[in-house]
Colleague: 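Below is one structure. I have some questions about it.
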Amino acid sequence: MKNVNKYERQYFMPPVCEYDWAKKDHIEKAPVWCSVDLRDGNQALIEPMSLDEKLEFFQMLVDIGFKEIEVGFPAASETEFIFMRTLIERDMIPDDVTVQVLTQAREHIIKKTFEAVKGAPHAVIHLYNSTSVAQREQVFKKSKEQIMQLAVDGAELLKKLADETEGDFSFEYSPESFHGTEVDYAVEVCNAVLDVWQPTAQNKAIINIPATVETAMPHVFATQIEYVSKNLKYRDNVVLSLHPHNDRGCGVSDAELGLLAGADRIEGTLFGNGERTGNVDIITVAMNMYSYGIDPQLDFSNMPHIREVYERLTRMQVNDRQPYAGNLVFSAFSGSHQDAIAKGMAWREEKKLNTWTVPIDPVDVGRTYDSDVIRINSQSGKGGISYILKQNFSISVPEKMREEVGYAVKQVSDEEHKELSPQWVYEIFEDNYIHYTPYFQISECHFRQDDGIMAEATIQYGEKKTIVDANGNGRLDAISNTIKQYFGITYELSTYEEHALSHGSSSKAMAYVGITHDGKNYWGAGMDEDIIKASIHALVVAVNKLPEMTKDDNHQDDRLVSMLNYIQTNYQTVTLEDMAEQFHLSEPYISKYIKDKSGKTFGEHVAHTRMKRAKTLLKNGNMTVENISYAVGYQNVEHFNRTFKKTFEMTPLQYRNLSRE
């Protein structure tokens, strides 16, 4: 980049710079908002919106709360002319909404514009002509006096036609290419136009200052606007409007500092759509005000819906980092950030605070804490993962257990190179700490008071069941002793915690057990209506993780483990053909190998995995049975229902109702 010498500053400072705006630290009230999505936004699209699409977009703008909407340049194209007529003839303009149309300061264009707005309940006729040095010298080849006369002639014609045309009309004037115009000259032109219109308190005029191509820094623009505001004639009867573009990436700053400098109104678009780098994003300006406790008078409480309609109708994409609206703007993946969020949320809950100490509560714009704020990948930490489990599934992981759970979850994300959904996080926790009993289970136990607690436990090790007796200081200690006695192992019960998962007589209990062996901790968790059963199960899971439980005759060979892991990972779509390609073996060989080594067919393994996932979704979510069917890999919901009933002897709905009683 060696051509810097061919560039220079392209703006003009005003004759007098007072900088009163710089003494203000915030905006005190919302401006008048005017959406120009249907004009500036639409003309910038690769494929402009159709009539029906523009009508839908107009209705969305009304629903958001815009009271002024620029609907087009009706003299520029038949589509925009028809759109304006359609709004009027279908009576689609609410009584409290003003439509605005754009026109150049040229007689035939102005006349065509009034044909389009005839009968409008209230419309702003927006007149403009370019006043910049470059346009005067290079395009129009006219003097300052001639350019001013163009504006005055246009203003006079607007006033004349407004008196002759059915409807209620107000006027707006823009000195286009303001940044390239001498500021005092721009004010002279505006005042000459105002002298024609003679605005009153009952019929105010709008003077709109457009940063047609943004060339100045925001503080320069604010200084220019302050001069304009203080030197306009009829100031009390003039609405000073801004139309910032974003060529330097400062459109929002231009708008905010311009409001401090005296502006009353902002023209912009949703998500900053517009030519080149776009217009100012009204959403960002409005939500910045909202975050300061100022009501912007616009409703963005369902931002996901607004974004969906916008993307569908414009075929534009909202960036993941778009302020307040992007997919990732509320998301924290970093472990330290997630930990701070989790602790902050707990503190707010403990203090029962109503105020918010971060810029915006995601819930206020239709987002959720579980899927939008703390999101899990390989960079996440124990605090965020624990928050997800508690927020979504009421699982309060003990402090000492969190680091291990965090590593288990992050390992999956690292290996899969994927973000993990809350449901996936839960399934990892479930697989590693609730359902992990590869070597033995306790299928039955009984207790009696006999010099402490005597436990009679039925330990199922493989296909063999053995009844073992042992006593202890309590039920869990007694069961622990039966395990130690049967397997000839040693460990210490180091941690035990429990809590309820829900309220009521049928609430489930959650228990966590940590044991220590050779200086290392091993964890298990149990869930049951009976806290004793939950505790015993948690202990069994923890003991199943001890190295001593790994015996040569209990090992599955590595190839089978890899195959079963592949099925677990790809259970939604996996086929024998996929397996053959993955392991470089024939389909018949793989089918026989899995059956011989595991005792179950390939299809049984897939069905088992799908059914296990389906149970989790039925029990812990609100998805429909049809959507669950699709989520676990069944395209035919009837097939899913039959398989589920055959496996569990009840329908999916029966299982859901039973699990929530």
Side-chain angles (χ1 to χ4, degrees), residues 389 395 397-398 400-409 411-412 426-445 455-468 470 472 475-498 509-528 530-558 560-562 564-565 568 597-600 605 608-609 612 616:
L389 289 170
I395 293 175
V397 179
K400 295 179 181 178
M401 186 181 178
R402 291 178 184 177
E403 185 171 5
E404 182 182 315
V405 173
Y407 282 128
V409 172
Q411 181 179 355
V412 173
Y426 174 79
E427 289 174 3
I428 294 168
F429 179 83
E430 194 177 50
D431 289 344
N432 283 274
Y433 298 100
I434 298 177
H435 293 161
Y436 186 82
T437 55
Y439 303 115
F440 81 98
Q441 297 177 342
I442 292 181
S443 57
E444 189 177 352
C445 57
E456 180 184 277
T458 301
I459 297 178
Q460 182 172 342
Y461 182 67
E463 297 298 322
K464 182 180 179 182
K465 291 185 177 182
T466 304
I467 296 177
V468 183
R475 286 181 170 87
L476 190 62
D477 184 52
I479 291 294
S480 178
N481 289 336
T482 65
I483 296 171
K484 292 176 181 178
Q485 178 178 314
Y486 181 73
F487 290 107
I489 56 176
T490 59
Y491 58 82
E492 295 296 325
L493 279 168
S494 56
T495 305
Y496 174 79
E497 292 189 22
E498 64 180 58
M510 195 78 194
Y512 310 88
V513 171
I515 62 174
T516 304
H517 176 74
D518 287 344
K520 185 177 179 181
N521 292 324
Y522 300 87
W523 291 92
M527 184 190 305
D528 199 280
D530 186 334
I531 187 60
I532 300 301
K533 290 181 179 179
S535 305
I536 292 170
H537 184 81
L539 172 63
V540 168
V541 171
V543 176
N544 264 278
K545 295 181 177 182
L546 292 177
E548 280 74 5
M549 300 308 299
T550 306
K551 297 182 180 180
D552 292 340
D553 60 358
N554 197 40
H555 272 170
Q556 295 175 333
D557 71 300
D558 292 340
L560 179 62
V561 170
S562 296
L564 297 182
N565 285 343
Q568 289 282 335
K597 293 292 184 179
S598 69
K600 293 182 180 179
H605 279 291
H608 174 76
T609 303
K612 185 174 75 170
T616 300

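Given the structure is predicted, the values throughout are model-derived calculations rather than measurements.
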Colleague: Heavy atoms only: give me the nearest L389-F429 pair and the separation to one decimal.
Modeller: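 In this case the closest contact between L389 and F429 is CD1-CD1, 4.0 Å.
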Colleague: Should Y522 and S494 count as side-chain neighbours, where that means a heavy-atom distance under 4.5 Å?
Modeller: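 Of all side-chain heavy-atom pairs linking S494 with Y522, none is under 4.5 Å.
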Colleague: What's the shortest heavy-atom distance between C445 and I536, and which atoms?
Modeller: SG-CD1, 3.6 Å
Colleague: Under 3.5 Å, side chain of K520 to main-chain N/O of L546, donor-acceptor pair present?
Modeller: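 No, the answer is negative, given that no donor and acceptor are paired below the 3.5 Å cut-off.
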Colleague: Distance check, rounded to the nearest 0.5 Å: E430 atom CD versus M527 atom CE?
Modeller: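 It comes to 7.0 Å.
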Colleague: Return the CG to OG1 distance between D518 and T490, rounded to the nearest 0.5 Å.
Modeller: 7.0 Å
Colleague: So, for F487 and Y461, is the gap between ring centers shorter than 6.0 Å?
Modeller: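 That pair passes the under 6.0 Å test.
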Colleague: Answer yes or no: is there a side-chain heavy-atom contact under 4.5 Å between V541 and N544?
Modeller: no
Colleague: Check whether H537 reaches the backbone of I434 with its side chain - one donor and one acceptor, N or O, closer than 3.5 Å.
Modeller: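 Indeed, once roles are kept as given, a pair shorter than 3.5 Å links the two residues.
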Colleague: As a quick check of understanding, evaluate side chain to side chain contact (heavy atoms under 4.5 Å, CB included) for Y512 and I395, giving each step before the final call.
Modeller: CA-CA 10 Å; Y512 310 88; I395 293 175; 3.2 Å; yes
Colleague: Of all heavy-atom pairs between A408 and I428, which one has the smallest distance, and what is that distance?
Modeller: O-CG2, 4.0 Å
Colleague: Looking only at heavy atoms, what is the nearest atom pair of L493 and L539, with distance?
Modeller: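 For L493 versus L539, the nearest heavy atoms are CD2-CD1, 3.8 Å.
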Colleague: Measuring from I459:CD1 to Q441:CD, what's the distance to the nearest 0.5 Å?
Modeller: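 Output value for this atom pair is 11.5 Å.
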Colleague: Please give me the minimum heavy-atom distance between M510 and A525, naming the atom from each residue.
Modeller: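 Scanning both residues, the minimum pair turns out to be CE-CB, 3.7 Å.
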Colleague: Do E548 and Y491 pass the side chain to side chain contact (heavy atoms under 4.5 Å, CB included) test, and can you show the C-alpha distance, the side-chain angles, and the key distance before you say yes or no?
Modeller: CA-CA 11 Å; E548 280 74 5; Y491 58 82; over 6 Å; no
Colleague: Grab the two heavy atoms, one from E498 and one from I531, that are nearest each other, plus how far apart they are.
Modeller: OE1-CG1, 3.5 Å
Colleague: Taking the side chain as every heavy atom from C-beta outward, state whether F440 and K464 have any atom pair closer than 4.5 Å.
Modeller: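 Counting from C-beta outward, F440 and K464 never come under 4.5 Å.
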Colleague: Tell me, do I442 and I483 make a side-chain contact under 4.5 Å, heavy atoms counted?
Modeller: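 Yes. Closest side-chain heavy atoms under 4.5 Å.
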Colleague: Is the number of heavy atoms from other residues, nucleotides or ligands within 6.0 Å of NZ (K484) greater than 12?
Modeller: yes
Colleague: After noting the C-alpha distance and the side-chain angles of I489 and V543, does the key distance pass the side chain to side chain contact (heavy atoms under 4.5 Å, CB included) rule?
Modeller: CA-CA 10 Å; I489 56 176; V543 176; 3.9 Å; yes
Colleague: What is the distance from atom CG of N432 to atom CD of E427, rounded to the nearest 0.5 Å?
Modeller: 12.0 Å
Colleague: How long is the span from the CG atom in N521 to the CD atom in E404, to the nearest 0.5 Å?
Modeller: 8.0 Å
Colleague: Within a strict 4.5 Å, meaning less than it, do heavy atoms of the L476 and V513 side chains meet?
Modeller: yes
